[in-house]
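Step one of this worksheet: look at the structure below.
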Number of protein chains: 2
Amino acid sequence: MESSDLRNAGLKVTLPRIKILEMLENSDARHLSAEDIYRRLIEMNEDVGLATVYRVLTQFEAAGLVRRHNFEGGHAVFELERGPHHDHMVCLDSGKVIEFVSEEIEEIQQRIAAKHGYDVEEHSLVLYVRPKNRVAGKVGKG
Amino acid sequence: MESSDLRNAGLKVTLPRIKILEMLENSDARHLSAEDIYRRLIEMNEDVGLATVYRVLTQFEAAGLVRRHNFEGGHAVFELERGPHHDHMVCLDSGKVIEFVSEEIEEIQQRIAAKHGYDVEEHSLVLYVRPKNRVAGKVGKG
DNA sequence: TTCGGTGCAAATACTTTGCACCAGA
DNA sequence: TCTGGTGCAAAGTATTTGCACCGAA
């Protein structure tokens, strides 16, 4: 299981690390802030400090286990790094985060960067969206 | 000149506001942090407070005069809102910010959001890039 | 046993706010 | 004049760091 991930990252297998990893794996919301994780662990009577959560998440990020996103709203959110790259859509009404993949956009990005003499090392694409207002459309029938 | 922009935004035309607007217009770097603007104004012997710079920039953003970006690095940067929408490329080596426009990407974004039942209200696309390493290519001739 | 890991509190970085005074309309 | 604007200092918020103790290897 996940202990091996920690070992591979050169990190000792400790309780807080395991708990945080589990939280990211099992949580319904795939995108959690440090505070979110901390609060949930406290509720589960796990005796961790917020500082440790931050430290562990930063280490996980460095190890490639999690990815950090700076969506609007002041605080960073973290998600488990699983599978291939994807981008995000954040609903401005509900706060819901939706993941999506677009090969097309990836390619265009590379092309644009290349045109300027650069390679894309990393990128951040976030769509801030709102549910479509169907009433306004031609097919107004709700 | 820019006084009218302030008036239209319902803002009194005051010295700090004019100075900050001028700074954003005339600065070589089109993307400045609050701290950048503050420091430069102080150097020009303009007696402003950092809090005022933040306040004014926030008001300008609300008025649609400037746009705020949260690139990596902790602090927000502001740029004058001129012309149509564009995205950004940030060089990880030099910190240089390059603007670009891609109709294609805009369209694909709309399409993807629509597919999920959303409208794109706002979006943020930043490419973190590095100068192309020509030595590594097949055409290794530097 | 040993050294990395941890909790706590204090420190930091960026940004916002309270308040008395100042200045533009 | 009168209200919004401003500088300063203090308060916030998100995150990091110092330090003594603890626990995995």
Side-chain angles (χ1 to χ4, degrees), chain A residues 1-23 31-63 65-78, chain B residues 1-23 31-63 65-78:
Chain A
M1 61 166 301
E2 60 269 349
S3 304
S4 52
D5 293 328
L6 293 176
R7 310 240 55 183
N8 291 341
L11 298 170
K12 242 181 218 173
V13 179
T14 65
L15 219 41
R17 286 176 181 155
I18 292 172
K19 290 299 174 190
I20 291 171
L21 211 43
E22 284 181 358
M23 176 118 298
H31 303 79
L32 298 170
S33 68
E35 187 79 32
D36 288 337
I37 293 172
Y38 171 68
R39 203 163 344 98
R40 294 178 192 211
L41 289 177
I42 291 299
E43 279 166 14
M44 294 167 68
N45 285 319
E46 299 295 338
D47 183 30
V48 298
L50 181 54
T52 297
V53 176
Y54 275 108
R55 262 186 300 234
V56 168
L57 287 171
T58 302
Q59 293 160 344
F60 282 5
E61 188 193 13
L65 291 175
V66 308
R67 183 167 282 263
R68 178 196 303 250
H69 300 288
N70 293 298
F71 299 158
E72 313 235 313
H75 55 280
V77 297
F78 299 80
Chain B
M1 64 167 298
E2 60 271 347
S3 304
S4 52
D5 294 328
L6 292 175
R7 308 241 56 184
N8 292 340
L11 299 170
K12 245 182 217 174
V13 179
T14 65
L15 219 42
R17 286 178 181 154
I18 292 173
K19 290 299 175 190
I20 291 172
L21 211 43
E22 284 181 1
M23 176 118 297
H31 303 79
L32 299 170
S33 68
E35 187 79 32
D36 287 338
I37 293 173
Y38 171 69
R39 205 166 340 99
R40 293 179 192 208
L41 288 177
I42 292 298
E43 279 167 13
M44 295 167 68
N45 286 319
E46 299 294 338
D47 183 30
V48 298
L50 181 54
T52 297
V53 175
Y54 275 108
R55 261 185 300 233
V56 168
L57 287 171
T58 302
Q59 293 160 344
F60 283 5
E61 188 193 13
L65 291 175
V66 307
R67 182 167 283 263
R68 178 196 304 250
H69 300 288
N70 292 299
F71 298 158
E72 314 233 314
H75 56 282
V77 297
F78 299 81

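Reminder, nothing fancy here: chain letters follow the sequence lines and each chain counts from 1.
Each of A:Q59 and B:F78 was assigned the nucleotide of DNA chain C with the nearest heavy atom; the assignment lying further toward the 5' end belongs to A:Q59. Judged by closest nucleotide on DNA chain D, B:P16 is the one of B:P16 and A:L15 placed further toward the 5' end. Annotation: of the two residues near DNA chain C, A:V53 and B:N70, the 5′-most nearest-nucleotide partner is A:V53.
Put simply, the side chain of A:F60 reaches to within 4.5 Å of the side chain of A:L6, judged on heavy atoms. Taking the side chain as every heavy atom from C-beta outward, B:V48 and B:V56 never approach each other to under 4.5 Å. Within the 4.5 Å cutoff, no side-chain heavy atoms of B:N70 are placed close to those of A:N70. Side-chain atoms of B:R68 and B:T58, non-hydrogen and from C-beta on, do get closer than 4.5 Å to each other. Counting only heavy atoms from C-beta outward, the side chains of A:R40 and A:M23 approach each other to under 4.5 Å. Looking at heavy atoms from C-beta onward, A:R17 lies in side-chain contact with A:Q59 at the 4.5 angstrom threshold.
Rounded to the nearest 0.5 angstrom, B:L11 CG and B:L65 CG are separated by 7.5 Å.
Atom P of nucleotide D:dC8 and atom CG of B:L50 are separated by 10 Å, given to the nearest angstrom. One atom, OH of A:Y38, and another, C1' of D:dA14, lie 14 Å apart when rounded to the nearest Å. Going from atom NE2 of A:H69 over to atom P of D:dT15 covers 14 Å, rounded to whole Å. With rounding to whole Å, B:R68 atom CZ is found 9 Å from C:dT15 atom C1'. The interatomic distance linking B:E35 (CD) with C:dT16 (C1') rounds to 15 Å, in whole Å. Atom-to-atom, NZ of B:K19 to P of D:dG5 comes out at 19 Å; the value is rounded to the nearest Å. Rounded to a whole Å, the CG atom of A:D47 is 18 Å from the P atom of C:dG5. The separation between B:R17 atom CZ and C:dG24 atom P is 11 Å, rounded to whole Å.
Within 4.0 Å of B:A34, counting heavy atoms only, lies no atom of the nucleic acid at all.
Side-chain nitrogen and oxygen atoms of B:T14 include at least one within less than 4.0 Å of the OP1 or OP2 phosphate oxygen of D:dT6. Put simply, B:Y54 has a side-chain N or O that comes within less than 4.0 Å of OP1 or OP2 on C:dT15.
Here the nucleotide nearest the side chain of B:K12, chosen from D:dA9, C:dA25, C:dG5, is C:dA25.
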Task: Base-pairing string, 5' to 3', of DNA chain D - Watson-Crick or wobble, under 3.5 Å, | interstrand - done: |||||||||||||||||||||||||

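The base of D:dG18 lies close enough to the side chain of A:R55 for a donor and an acceptor atom to sit less than 3.5 Å apart.
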